[in-house]
Undergrad: 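Quick one: this structure, given as structure tokens, is what I'll be asking you about.
Ligands are counted one by one from 1 in listed order, and the atoms in each one are counted from 1 as well. Note that this is a predicted model, so its numbers are computed, not measured. Just so you know, these numbers use all the heavy atoms, side chains as well, and skip hydrogens, waters and symmetry mates.
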Amino acid sequence: MARQKFIAGNWKLNLTIAEGTALVAALAKGLAEKPTKAEVAVCPVALAVAAVAAAAKGSPIGVGAQNTHWEDKGAFTGELSPVLIKDAGAKYVILGHSERRQYYGDTDALINKRLGAALKHGLVPIVCIGETLAERQGGKLEQVLKTQITGALAGFTADQLKTLVIAYEPVWAIGTGVTATTAQAQETHAYVRSVLKGVVGGLADSIRIQYGGSVKADNAKEILSQPDVDGALVGGAALKAPYFLAIIAGAG
Ligand code: 13P
């Protein structure tokens with residue numbers, strides 16, 4: 001089954017609103033000059049989502065948030081709701097990024113609740129999974145990924161999960177300059193798809209699995225050429241238009 005490649009930039013806690021709108025304008029210009037077959041998105045800080053979405057209007061670039069609370073509204077000081085994310089013009093939401101798991105206590109059970117909220121409001125969820133170096137070296141790779149996938153997706157039907165995107169981001173490759181080898185990426189993505197098959201059956205063949213972790217212009221093309229690598233979730237290299245455009249070009 002042909003899966004459209006999906007390249008998303010996770011800006012994390014970087015760029016001001018003005019810098020974000022300027023970056024998306026530069027990306028839009030670049031894609032107008034050199035169109036891509038890939039789906040493209042950027043995920044700015046929450047405060048910049050509305051302005052970046054407005055600046056991206058009319059371009060093929062979608063906008064996403066980096067997290068969501070599971071409730072629509074209420075007494076949840078400091079939180080962000082799927083209703084507001086949509087209201088701000090976003091289409092996507094990243095869930096369960098390893099930085100949220102590591103620093104803010106995100107668990108598979110919480111990610112599962114966030115996913116429910118995203119799906120309820122029609123946001124395309126990008127659910128992040130990935131192992132630490134100790135887990136990989138300790139032979140726990142498959143067990144860790146399976147637990148993360150089944151935990152995050154528990155209780156949803158295949159029909160509900162039609163828009164799901166998975167981002168496989170080995171924690172040891174994030175921001176380190178160390179990328180998984182193409183063989184490691186392909187092997188792990190194939191394993192992730194096999195777990196998805198157990199959860200959602202045939203739908204697993206159409207779910208996009210992005211790779212994330214030190215994706216750069218010079219390694220993107222090779223990683224993206226692997227049969228089970230359906231895109232990339234890009235951190236640092238998504239912050240500069242020429243680098244991100246070069247990665248998008250690598251998707252064909
Ligand atoms: P880097 O591309 O900076 O390694 O970050 C990857 C990532 O965490 C994307 O979500």
Side-chain angles (χ1 to χ4, degrees), residues 5-15 19-20 23-24 27 38-46 48-49 52 61-68 85 90-104 106 111 114-115 118 123-133 135-136 144-145 148-149 152 164-182 184-185 188-189 192 208-224 226 229-251:
K5 293 256 194 291
F6 178 25
I7 311 294
N10 174 9
W11 294 356
K12 307 191 180 182
L13 184 50
N14 292 295
L15 307 180
E19 288 166 346
L23 175 53
V24 87
L27 293 172
E39 188 172 328
V40 177
V42 295
C43 302
V45 291
V49 165
V52 171
I61 305 166
V63 176
Q66 299 173 11
N67 185 31
T68 185
I85 293 170
K91 177 176 172 195
Y92 307 90
V93 63
I94 297 172
L95 300 174
H97 189 279
S98 65
E99 286 147 19
R100 301 240 32 115
R101 294 177 189 258
Q102 197 178 340
Y103 307 134
Y104 307 103
D106 243 5
I111 295 159
R114 299 186 200 284
L115 176 60
L123 288 165
V124 173
I126 303 173
V127 173
C128 302
I129 57 169
E131 82 289 359
T132 63
L133 191 57
E135 287 164 344
R136 181 175 271 264
V144 167
L145 297 181
Q148 291 176 340
I149 295 167
L164 175 71
V165 176
I166 296 282
Y168 167 61
E169 301 202 305
V171 177
W172 47 271
I174 295 176
T176 57
V178 181
T179 329
T181 64
T182 40
Q184 280 172 327
T188 313
H189 280 228
V192 169
R208 272 95 54 89
I209 306 173
Q210 297 175 315
Y211 170 81
S214 298
V215 174
K216 307 271 182 264
D218 59 4
N219 61 23
K221 196 170 179 178
E222 198 187 329
I223 293 179
L224 290 166
Q226 300 302 302
V229 178
D230 308 311
L233 185 56
V234 185
L239 298 173
K240 293 233 157 47
Y243 298 160
F244 194 53
L245 287 168
I247 291 169
I248 294 167

Undergrad: Using the salt bridge (charged side-chain N to carboxylate O under 4.0 Å, His left out) criterion, which residues pair with Arg136? Sequence neighbours excluded.
TA: Glu131

Undergrad: Using distance alone, determine whether Gly235 and ligand 1 share an N or O pair under 3.5 Å.
TA: yes

Undergrad: Flag His97 as yes when one of its N or O atoms lies below 3.5 Å from any N or O atom of ligand 1, and as no otherwise.
TA: yes

Undergrad: Is the side chain of Ser214 donor-acceptor paired with the backbone N or O of Gly177 at a distance under 3.5 Å, no angle test?
TA: yes

Undergrad: Decide if atom CD of Glu222 counts as having more than 12 heavy atoms of other residues, nucleotides or ligands within a radius under 6.0 Å.
TA: no

Undergrad: Could you tell me which atoms of ligand 1, counted from 1 in the order shown, lie closer than 4.0 angstrom to a heavy atom of Ala173?
TA: 4 (O)

Undergrad: Mark up the atoms of ligand 1 that fall under 4.0 Å of a heavy atom belonging to Gly213, in ascending order.
TA: 4 (O), 6 (C)

Undergrad: What do you reckon, does Ala237 have a nitrogen or oxygen under 3.5 Å from a nitrogen or oxygen of ligand 1?
TA: no

Undergrad: Which heavy atom of Val52 sits nearest to which heavy atom of Gly20, and what is that distance?
TA: CG2-C, 3.9 Å

Undergrad: Determine the minimum heavy-atom distance between Tyr92 and Ile85, stating which atoms define it.
TA: O-CG2, 4.3 Å

Undergrad: Out of Gln210, Glu169, Lys216, Gln66, who is nearest to atom 7 (C) of ligand 1 when you count heavy atoms only?
TA: Glu169

Undergrad: Could you tell me whether some N/O pair between Gly175 and ligand 1 is separated by less than 3.5 angstrom?
TA: yes

Undergrad: Residues in ring pair (Phe, Tyr, Trp, His ring centres under 6.0 Å) with Phe244, at least two apart?
TA: none

Undergrad: Have a look at ligand 1 and work out which part of Ile174, if any, has a heavy atom under 4.0 Å from it: side chain, backbone, both or neither.
TA: both

Undergrad: Can you sort out which atoms of ligand 1 are near Gly236, meaning under 4.0 Å from one of its heavy atoms?
TA: 1 (P), 2 (O), 3 (O)

Undergrad: Between Glu99 and Lys12, is there a side-chain N and carboxylate O pair less than 4.0 Å apart?
TA: yes

Undergrad: On a heavy-atom basis, which atom in Gly96 and which in Ile111 lie closest, and how many Å separate them?
TA: CA-CD1, 3.5 Å

Undergrad: I'd like to check whether Thr176 has a polar contact with ligand 1, where a contact means an N/O of the residue lying under 3.5 Å from an N/O of the ligand.
TA: no

Undergrad: Heavy-atom contact under 4.0 Å between Ala167 and ligand 1?
TA: no

Undergrad: By number and element, which atoms of ligand 1 are closer than 4.0 Å to a non-hydrogen atom of Lys12?
TA: 5 (O), 6 (C), 7 (C), 8 (O)

